[in-house]
Structure formats: C-alpha cells, structure tokens
Amino acid sequence: MLPTPAYAAASATSPLAPWSLDRREPGPHEVLIDIAWCGVCHSDIHQARGEWKGSIFPMVPGHEIVGTIARVGEKVEKWKTGDVVGVGVFVDSCRTCPACHAGDEQYCEYGMSETYNSYEREADHIKLDRLRPTYGGYSTRITVDENYVLRIPAGLPLERVAPLLCAGVTTYSPLRHWNVKAGDEVAIVGLGGLGHMGVKFARAFGAKVTVLSHSANKREDALRLGAHDFVATSEGGALKGNANRFDFILDTISAPHDYNAYLSLLRRNGTMVVVGIPTDPTPVAAGALIRNRRRLAGSGIGGIRETQEMLDFCAAHGIAADVEVIRIEQVNTAWERMLKSDVRYRFVIDIMSLR
Ligand code: NAP
Ligand code: ZN
Ligand code: ZN
C-alpha cells in the first residue's frame with residue numbers, strides 16, 4: 001500500500017480537511033500517477049455537500065487530474081515512466097456493453113466507475129466492489145487502469161490543461177454531437193468553468209457566440225474569451241429581446257433556474273442542451289418545446305476516445321482553460337467563491353502544496 005496525502009470531506013456538512021488514504025501498487029494493467037494539478041469542478045461541491053443522492057464519505061474530490069506516470073504494471077505497453085497523462089471523470093466501466101463498445105463509456109449500461117464518490121470494479125469489470133471506494137485528485141497520486149488514462153499533448157501549460165479533463169470535454173462533446181458549425185448562432189449560458197470552455201470551442205468551430213450571464217460584470221471577459229455578444233440576463237427584458245434567436249444553446253448553470261425562459265430563445269429546429277446539474281427538477285412547458293419544433297437534451301462529459309480527440313484539438317488550436325492556481329489550503333475558500341459565481345474561470349490546485 002502507498003500512503004497518500006489528500007484532502008477529504010468527512011461528511012456533507014464538513015469542510016475539506018487533510019486526510020491520508022492508501023493507493024494500491026499498480027496491478028499488471030495499471031499505472032501509478034504522481035498528480036501535479038487538479039482542477040476544481042462544481043460537481044465536486046455538489047457531491048461533497050450531498051446535493052446529489054448517494055454520496056460516499058469520506059470523499060476525496062477531484063476529476064480533472066494531470067500528472068506524470070511514476071510506475072507501470074508489468075503488462076502495460078501503452079505508457080512508460082515519465083509520460084505526462086490525465087485522468088478525467090471516470091476510471092473504469094464494464095468494457096462490454098454497446099455504450100462502452102461505441103466509446104461512450106460515460107453511458108456504460110452498468111454505470112461508470114467515477115474517479116471519486118464511486119467504487120472500483122471486480123475482476124469482471126461489471127460488478128462494483130463496494131469495499132473499495134474511489135478517491136479523486138485532491139491527493140498526491142492515483143492508481144488507474146491503463147485504458148482510462150489520457151495522453152497530454154506537448155505545448156500547453158499543464159495547469160491550464162487539467163480543466164480540459166472535465167470542463168473541456170463536457171462542452172466539446174455536445175457541440176460536436178449536435179454538429180455546431182460555422183455561422184450557427186450559439187448561446188453559452190453561465191460563464192464559469194464549463195461556460196468559458198464552451199465559448200472557446202464554439203468560437204473555434206466557427207459559430208457566432210453569445211454569452212448569457214447573470215453576472216453583468218463578465219461582459220469584457222466574455223468578449224476576450226471569444227464571444228461576439230453578451231447578454232446580461234439580470235437586466236429586465238434581456239431574454240425577451242433575444243427570443244427565437246439561437247440555433248443551439250448550451251446551459252451550464254449550476255443552480256436551479258427556469259429552462260422555459262431559455263427555450264424561448266431557440267429559433268425553429270433549435271436545440272438546447274443542459275450540462276449543468278442543479279439539485280432540483282425543473283418543470284418544462286410543452287408549449288416552450290412545440291413552438292419552433294424545439295429540442296431539449298442533456299449531455300454527460302465524453303468517452304475516452306473523444307476526450308483524447310478534444311485534448312489533441314486543444315493542442316492544435318492553442319486552447320486551454322483560464323485558471324487561478326491555488327494551494328490546497330485555499331480550496332474551501334475557492335468553493336465559497338464558486339458558489340458566488342466568482343471564479344475566473346477555473347480554480348486549479350497545485351498538488352505540490354499537498355506534498
Ligand atoms: P461554475 O464554474 O461554478 O459555473 C457555474 C456558472 O453558472 C456560474 O459561473 C454562473 O455564471 C452560473 N450561475 C450560478 N448560479 C446561478 C444562478 N443562481 N442563476 C443563474 N446563473 C447562475 O460551475 P462548473 O464547474 O462550470 O459546473 C457547472 C454545472 O455543470 C454544475 O452543475 C456541474 O455539476 C455541472 N457539470 C456537469 C457535467 C456533465 O457531464 N453534464 C460535467 C461537469 C460539470 P454567470 O456568472 O455567468 O451567470
Ligand atoms: Zn467535473
Ligand atoms: Zn459498459
């Protein structure tokens with residue numbers, strides 16, 4: 001066993017505090033990664049505070065991991081010591097169901113093993129091993145199956161790459177799946193970690209990008225990040241003035257809000273995709289969908305293949321997250337700031353501060 005410093009939440013009402021966990025020596029098909037950077041996702045807060053069902057404590061959050069391979073199992077051929085790699089939101093899946101075969105491991109019919117707040121799998125990769133919870137990247141190292149590791153292309157600053165492992169692929173995937181292309185009118189709703197990556201990707205795909213934000217003071221940043229237009233949703237009449245305008249809306253808001261108000265902004269045959277996961281369900285009016293033959297859909301992260309494609313796209317186009325680097329002791333304050341929408345635009349933990 002490998003004693004590993006970490007930060008954990010002991011319960012849904014405890015702040016994160018120093019903790020130690022045991023990582024395992026890599027098995028034949030596993031690698032041990034020394035973690036250098038870990039991004040802070042709003043999903044870390046939702047789960048550590050028990051806002052989604054089934055939280056497992058103690059919880060070590062973190063699923064935007066970048067680091068270096070420290071050791072490889074005897075049968076590993078893909079990786080060698082010193083390789084710079086990433087781990088995203090999941091570390092295993094069944095490997096046999098149609099979703100896994102299609103490279104959509106995040107939709108595995110048996111459920112993915114998430115990087116934290118989940119369980120490792122038994123040898124068949126189908127059943128969960130409920131005696132072995134998973135622990136995430138707010139820690140100095142992690143042992144992962146070689147097939148659930150991403151290659152980090154050279155050329156981008158690693159602290160700005162870490163957020164791509166969740167915020168990046170979660171916005172890249174729906175824009176690709178719904179074929180957002182040059183000339184499309186695209187709205188990105190909510191300018192946080194996910195939203196700011198959505199702006200960069202939609203712009204790179206040639207769309208006309210508008211940010212819809214309830215923080216009027218983010219206008220300049222939105223334009224600097226690549227948006228063509230900015231709508232301050234807190235200003236009276238702002239949504240009405242943009243009715244029937246967009247081909248595609250990506251909704252990244254983390255808090256409960258009225259989907260119908262945003263659906264009304266879709267033009268004929270337009271699609272709104274929710275990626276934000278507020279705690280409470282939201283009623284949707286049939287009329288809001290029927291008018292203009294609108295579609296409402298959801299999307300979850302991306303599979304391994306697509307995450308690698310996204311990382312390579314970012315390297316080729318010089319795209320990375322805008323980050324504020326913090327030490328691990330600052331993580332509770334960072335969470336409070338995120339809850340006030342005060343993040344520009346992703347906190348990333350320097351894991352050196354845990355060593
Ligand atoms: P974040 O950095 O905190 O950004 C969320 C943004 O939502 C805020 O910056 C703010 O943008 C907006 N917002 C917050 N409260 C609001 C309110 N009361 N009314 C209107 N807008 C509000 O969070 P994130 O890490 O990007 O994550 C966003 C959501 O996506 C979370 O729910 C997270 O769990 C979820 N998520 C889903 C997936 C997936 O696979 N589907 C993956 C990762 C994360 P403005 O200040 O611009 O209004
Ligand atoms: Zn995330
Ligand atoms: Zn599967």
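This chain uses plain numbering: 1 for the first residue, then up along the sequence. Every number for a ligand or one of its atoms is a count from 1 in the order of the listing.
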Could you tell me the angle subtended at the Zn ion (ligand 2) by NE2 of H63 and SG of C41, rounded to 10°?
110°
Assess C41 for proximity to ligand 1: is some non-hydrogen atom of it under 4.0 Å away?
yes
Any heavy atom of R346 under 4.0 Å from ligand 1? The part involved is side chain
Do the side chain of S299 and the main chain of V275 share a donor and acceptor less than 3.5 angstrom apart?
no
Among all protein non-hydrogen atoms, which one is nearest to atom 35 (C) of ligand 1, and what is the separation to 0.1 Å?
V275 O, 3.6 Å
Please verify the inter-ring angle class for F205 with F313; under 30° counts as parallel, over 60° as perpendicular, anything in between as tilted.
perpendicular
NZ/NE/NH1/NH2 to OD/OE distance under 4.0 Å, E105 and R305
no
Apex the Zn ion (ligand 3) - arms SG from C97 and SG from C94 - angle rounded to 10°:
100°
Counting both backbone and side chain atoms, is some N or O of A255 under 3.5 Å from an N or O of ligand 1?
no
Which protein heavy atom lies closest to atom 12 (C) of ligand 1, and at what distance to 0.1 Å?
G190 CA, 4.1 Å
min-distance protein heavy atom vs atom 30 (O) of ligand 1 -> G276 CA, 3.3 Å
Please state which protein non-hydrogen atom is closest to atom 11 (O) of ligand 1 and give its distance, to 0.1 Å?
L191 N, 3.2 Å
Salt bridge present between R49 and E51 (N-O < 4.0 angstrom)
no
Decide whether the shortest distance between a heavy atom of W52 and an atom of ligand 1 is less than 4.0 Å.
yes
Any donor-acceptor pair under 3.5 Å linking the side chain of K200 with the backbone of L225?
no
Can you find an N or O of P278 that's nearer than 3.5 Å to an N or O of ligand 1?
no
Atom 45 (P) of ligand 1: nearest protein contact (heavy atom, Å):
S213 OG, 3.3 Å
Is the closest basic N to carboxylate O distance between R267 and D247 below 4.0 Å?
yes
Could you tell me if any non-hydrogen atom of H46 lies under 4.0 Å from any atom of ligand 1?
yes
Give me the one residue out of R344, R224, R346 that meets salt bridge (Lys or Arg N to Asp or Glu O under 4.0 Å) with D322.
R224
Tell me the protein heavy atom at minimum distance from atom 20 (C) of ligand 1, and give that distance in Å.
H214 CG, 3.6 Å
Run the salt-bridge test on R24 and E30 with the 4.0 Å N-O cut-off and return the result as yes or no.
yes
Can an N or O of S215 be found at a distance shorter than 3.5 Å from an N or O of ligand 1?
yes
Which is it for P256 and ligand 1 at heavy atoms under 4.0 Å: side chain, backbone, both or neither?
neither
Indicate, as side chain, backbone, both or neither, the part of H42 found under 4.0 angstrom from ligand 1 when only non-hydrogen atoms are considered.
both
Are the charged groups of R95 and D92 less than 4.0 angstrom apart, N to O?
yes
Working to 10°, measure the angle at the Zn ion (ligand 3) formed by atom SG of C100 and atom SG of C108.
110°
Among all protein non-hydrogen atoms, which one is nearest to atom 5 (C) of ligand 1, and what is the separation to 0.1 Å?
S254 OG, 3.7 Å
Please work out, at 4.0 Å between heavy atoms, whether the side chain, the backbone, both, or neither of K218 comes within that distance of ligand 1.
side chain
Where does I277 meet ligand 1, judged by heavy-atom distances below 4.0 Å: at the side chain, the backbone, both, or neither?
both
Hey, is E185 close enough to R245 for a salt bridge, meaning N to O under 4.0 Å?
yes
